[in-house]
Amino acid sequence: SQSNRNAKLVLLGDMGTGKSSLVLRFVKGQFLEFQESTIGAAFFSQTVSVNNATVKFEIWDTAGQERYHSLAPMYYRGAAAAIIVYDITNSDSFARAKKWVLELQKQGNPNLVMALAGNKCDLEDKRTVTAEEARAYAEENGLFFVETSAKTAVNVNEIFYEIAKRLPTT
Ligand code: GTP
Ligand code: MG
């Protein structure tokens, strides 16, 4: 049977990790070397088909700069899914991602589908966060984990499709 659903999705993570770039890649198939830092948040929508259903993602791309942190609850409240993004070349951004996970676990919805994206996986020579430590952390916390590259498009559509598959069907 056919079902069409809307799902609010929020991206959270440190500034410069590539949240806007992941959304731009997913929604428009584009990448900008000089993507501007987000102010407040930006809204996008994109529909994906999984099995016999379509999911229209209503995407809130939040600003990672610390001064916008207090706005985040407006964007994750009522969300069905969250993508927490870090940069595999920046260990501080991985630490920040863990703080976002804690905040969502404390204040968010228990049915929230959470994905952890280790972005910039094209920069292997600058890596400081191993896939193994991130995967172990994700497993302990019930998150779906994948490394992505907004630049080369690795795993970008896949992360959104995987989320769509994991959304509750009712
Ligand atoms: P804020 O809006 O400030 O929170 O940042 P953001 O998380 O939205 O990061 P943004 O998408 O603006 O990307 C920051 C910089 O990283 C830009 O110069 C992008 O071109 C670059 N970038 C994003 N994703 C990738 C990637 O997968 N690989 C590489 N090499 N660079 C990337
Ligand atoms: Mg941004």
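As the structure lists them, so they are numbered: ligands from 1, and atoms in each ligand from 1. Values reported hereafter were calculated over all heavy atoms of this structure, with side chains retained and with hydrogens, waters and symmetry mates removed. The model shown is predicted, which means the values in this text are computed figures rather than measured ones.
Protein heavy atom closest to atom 3 (O) of ligand 1, with residue, atom name and distance, is S37 OG, 2.6 Å. In this structure, atom 24 (N) of ligand 1 lies nearest to the protein heavy atom N119 ND2, 3.2 Å. The nearest protein atom to atom 20 (O) of ligand 1, hydrogens excluded, is given as L32 O, 2.7 Å; this is a heavy-atom distance. In terms of protein heavy atoms, atom 13 (O) of ligand 1 is closest to S21 OG, 3.6 Å. Here the protein heavy atom with the shortest distance to atom 9 (O) of ligand 1 is G18 N, 3.1 Å.
In this structure, G13 does not count as a contact residue of ligand 1, since none of its heavy atoms falls inside 4.0 Å of the ligand. The shell of residues lying under 4.0 angstrom from ligand 1, judged by heavy atoms, includes D14.
Taking a cut-off of under 4.0 Å to the non-hydrogen atoms of K151, the atoms of ligand 1 that pass are 26 (C), 27 (O), 28 (N), 30 (N). Applying the 4.0 Å criterion to heavy atoms of G64 picks out, from ligand 1, the atoms 1 (P), 4 (O). Interface atoms of ligand 1 facing A63, defined by a heavy-atom separation under 4.0 Å, are 4 (O). Heavy-atom contacts of L123 reach the following atoms of ligand 1: 30 (N) (cutoff under 4.0 Å). Set against the non-hydrogen atoms of T38, the atoms of ligand 1 under 4.0 Å away are 1 (P), 2 (O), 3 (O).
In this structure the side chain of D87 never reaches within 4.5 angstrom of the side chain of D14, judged on heavy atoms.
Between G16 and ligand 1, a contact under 3.5 Å exists for at least one N or O pair.
Taking the six-membered ring where the residue is Trp, Y86 and F145 present parallel rings, their angle staying beneath 30° rather than reaching 60°.
Between E147, K126, K120, it is K120 that holds the heavy atom closest to atom 21 (C) of ligand 1.
Sorted by chain and number, the protein atoms of type N, O or S within less than 2.8 Å of the Mg ion (ligand 2) are S20 OG, T38 OG1.
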